[in-house]
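Take a look at the structure below.
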Amino acid sequence: MKPTSSRAARRLAKKQGKSAPLTIGDLADRVAKARVKSIPDGAQTRAKRILQAYLQSAQNYGMPIQDVVREIASGQAAWRLGHAVRDEMLKTPPDAVRKAACKQGCAFCCILSGGEGGVITEFEATQLHTALIPFKGDPDGREWHPEACAALDPETRGCRAYEARPMICRSFLSLDAAACEANAAGGTEQGAGLLGSHLDYLAIHALCRQALKGISQVHTYSMAAVTSGAIDGLDALTNTRQKPSALEIACKDGSHAAGG
Ligand code: SF4
Ligand code: SF4
């Protein structure tokens, strides 16, 4: 008997005591059933739609399932999709972008007062670590401010890993640099925050984790630990992995900031 769908194939294999190989269709089913409690329904539906479109296109192009799983688990898929959402948003820049006070050398947002400095994916952590290897042992941002990101140049206050900076750095902006300075010192001034597209990015990655349960682990990493580890000469991603709750907390904070 020939099964007519991936689900039918799995049912038949189960009956025969075999386990059918995972397919992109199975992943699409898992995405459809995935649920991230900390993301509001609207954002979750949008993220699922984007992820399903990615899977459909992977299927159309005949991408091997191992490559799809690897892209989803590492965060490379979320990176690509998050960028597409961000680029689309920036075609008609909102006020927050048009009126942003951000400029080269203004780096109060690179003071990582929260300790971990944000949630980044394995894909981002690897890119960041690699970009910083040439600066191993050099003076870094911590010479300017003890809690600054180590990727920062302490003199120019420019990012030395600009092309490899994670999505959180690409999404943060402010209408008021003075508010950023005050917040870096523990204040709670208004005017600074993340682009709305960042919630889509987090939601996509959180859904990927749900969809890959029992297939592959999806970790997140501390940006502060990755950048300081690279400058201090540690092996890639040593002691930089976060607890699973870090992504949930980031999703909850992102939803709250977006008014969800
Ligand atoms: S987010 Fe704030 S600190 Fe960062 S560049 Fe913009 S104005 Fe400066
Ligand atoms: S990676 Fe670059 S942009 Fe991001 S916090 Fe560090 S220095 Fe700033």
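In this text, all values refer to a predicted model and were calculated from it rather than measured experimentally. Just so you know, ligand 1 is whichever comes first in the structure, and atom 1 is the first atom listed for that ligand.
- No side-chain heavy atom of Trp79 sits less than 4.5 Å from a side-chain heavy atom of Gln127.
- Within 6.0 Å of atom CG in Asp138, more than 12 heavy atoms from other residues, nucleotides or ligands are found, so the atom counts as buried in its surroundings.
- Side-chain contact, Ser57 with Asn60: no donor N or O sits under 3.5 Å from an acceptor N or O.
- Around atom 2 (Fe) of ligand 2, the protein contributes the following N, O or S atoms under 2.8 Å, ordered by chain and number: Cys159 SG.
- Residue Gln217 places its CD atom among 12 or fewer non-hydrogen atoms of other residues, nucleotides or ligands, all under 6.0 Å distant.
- Which parts of ligand 2 touch Met223 is read off a 4.0 Å heavy-atom cut-off, strictly below it: atoms 5 (S).
- Annotation: side-chain hydrogen bond (donor to acceptor under 3.5 Å, both in side chains) contacts of Asp232 (sequence neighbours excluded): Arg142.
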Applying salt bridge (charged side-chain N to carboxylate O under 4.0 Å, His left out), run through Arg35 and Asp41 and close with a yes or a no. CA-CA 9 Å; Arg35 168 120 197 91; Asp41 287 347; 3.3 Å; yes
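- Contact of the Ile111 side chain with the Trp144 side chain is registered, since non-hydrogen atoms from C-beta on lie closer than 4.5 Å.
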Donor-acceptor pairs are to be reported for all side-chain atoms of residues 240-250 against protein atoms at under 3.5 Å, with residues two or more places apart or in another chain.
residue: Thr240; atom: OG1; partner: Leu237; partner atom: O; Å: 2.8
residue: Gln242; atom: OE1; partner: Thr220; partner atom: OG1; Å: 2.7
residue: Gln242; atom: NE2; partner: Glu116; partner atom: OE1; Å: 2.7

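- Excluding waters, the set of protein N, O or S atoms lying under 2.8 Å from atom 6 (Fe) of ligand 1 comprises Cys102 SG.
- Side chain of Arg160 to backbone of Leu132: no donor-acceptor contact under 3.5 angstrom is found.
- Looking at heavy atoms from C-beta onward, Thr126 lies out of side-chain contact with Thr121 at the 4.5 angstrom threshold.
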